[in-house]
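Report on the structure given below.
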Amino acid sequence: MTMFTNGFSTLLMPEDFDQIPPKDEFTELYLVNTKIPMSIKFLTTPTLSGLPEIMDGIEKNLESNDRVDLVASDFILINDNLYYMIVSSFSDGEKEIRRNEFMYVEDDNLYVFEFTYPYADRELDDFYLNIIRSLKISVPKYIVENGQYRINHEEK
């Protein structure tokens, strides 16, 4: 496996995935494997919310969205860190798509892993958990102060 690093975070990238340039400032890594097919996103965003508030907001948004079904939502421990896990499904018109998201908050930074793949595929627990377990945070990417955020220029 290859290592991804942006100077703030490091994690393993699975083989046979193509890296796609991110389209927004918060997406750190976007990988696609068209053979599986599967996409993996890793995002870092500034936040002042904790996981319970994030969970409440996501679940309220999903309740009002008729096109997305909530499959599971819970807090889980990964590497002794508390993550919020949400599993949802939706249809692209041809097949059911499943999205597994894992969120972790540390030092006012929200780290999000998003795995999207066809619903009929086998469970991929070990695959995505190995990627999440590989996350190493050197320093927080964002500093949040006075209702604003900035990039952390601390030594990495």
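Just so it is clear, the model here is predicted, and its values are computed rather than measured.
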Single-linkage hydrophobic cluster F4~F127, side-chain heavy atoms < 4.5 angstrom
yes
Reported CG-to-CE distance for the pair L51 and M85, which is rounded to 0.5 angstrom
13.0 Å
Over all atoms of both residues, closest heavy-atom pair of S138 and G7
CB-O, 4.0 Å
Assess whether side chain to side chain contact (heavy atoms under 4.5 Å, CB included) is satisfied between T44 and L110, documenting all intermediate values.
CA-CA 6 Å; T44 305; L110 171 64; over 6 Å; no
Does the side chain of L31 come within less than 4.5 Å of I20's, by heavy atoms?
no
Measure the shortest side-chain to side-chain distance between R99 and E114 over non-hydrogen atoms and say whether it is less than 4.5 angstrom.
yes
At what distance, to the nearest 0.5 angstrom, does CD of E59 lie from CD1 of I54?
12.5 Å
Pair listing, ring-ring contact (aromatic ring centres under 6.0 Å, His included) test, anchored in residues 34-54, at least two apart
F42-F113
Any pair counted as salt bridge (Lys or Arg N to Asp or Glu O under 4.0 Å), so long as it reaches residues 17-27, sequence neighbours left out
none
Does L11 offer a backbone N or O that forms a donor-acceptor pair with the side chain of S134 under 3.5 Å?
no
Say whether, by atom type as modelled, one donor and one acceptor occur between the side chain of N6 and the main chain of F8 under 3.5 angstrom.
yes
Just so I know, are the side chains of P22 and L29 near enough to count as touching, which here means a heavy-atom distance under 4.5 Å?
no
Is there a path of hydrophobic side-chain contacts, each under 4.5 Å between heavy atoms of I/L/V/M/F/W/Y residues, joining V112 to V68?
yes
So, for I131 and I40, which heavy atoms are closest and what is the spacing to 0.1 Å?
CD1-CD1, 3.9 Å
Would you say the side-chain atoms of N100 pair up with the backbone N or O of V87, donor to acceptor, closer than 3.5 Å?
no
With a 4.5 Å heavy-atom cut-off, do Y117 and P37 have their side chains touching?
no
Do L77 and Y83 have side chains that get closer than 4.5 Å, going by heavy atoms?
no
How long is the span from the OG1 atom in T45 to the CG atom in D108, to the nearest 0.5 Å?
10.5 Å
Side chains of R98 and T116, heavy atoms from C-beta outward: is any pair under 4.5 Å?
no
Donor-acceptor pair, T5 side chain versus S9 backbone, under 3.5 Å?
yes
Smallest separation among heavy atoms of S64 and N61, with atom names:
OG-O, 2.9 Å
Straight-line distance of Y84 OH to E101 CD, nearest 0.5 Å:
8.5 Å
Answer whether the closest heavy-atom distance between the side chains of F17 and I36 falls below 4.5 Å.
yes
Check whether N130 reaches the backbone of D126 with its side chain - one donor and one acceptor, N or O, closer than 3.5 Å.
yes
Please say yes or no: joined through hydrophobic side-chain contacts below 4.5 Å, possibly via intermediate residues, are V105 and I143 part of one cluster?
no
Verify, without hydrogens or angle tests, whether N109 (side chain) and P140 (backbone) share a donor-acceptor contact under 3.5 angstrom.
no
Stepwise, does the side chain to side chain contact (heavy atoms under 4.5 Å, CB included) test hold for R133 with I78?
CA-CA 7 Å; R133 287 182 186 120; I78 302 174; 3.7 Å; yes
Is there a side-chain contact between K41 and F115 (heavy atoms, below 4.5 Å)?
no
Students often mix this up, so state it plainly: with edges at 30° and 60°, are the rings of Y128 and F102 parallel, tilted or perpendicular?
tilted
Say you draw a straight line from NZ of K141 to OH of Y111; how long is it, rounded to the nearest 0.5 Å?
9.5 Å
With rounding to the nearest 0.5 angstrom, report the CG to CZ distance, L62 to R67.
12.5 Å
Could you go step by step and tell me if V144 and T47 meet the side chain to side chain contact (heavy atoms under 4.5 Å, CB included) rule?
CA-CA 7 Å; V144 181; T47 186; over 6 Å; no
In terms of relative ring orientation, are Y142 and Y149 parallel, tilted or perpendicular, with 30° and 60° separating the classes?
perpendicular
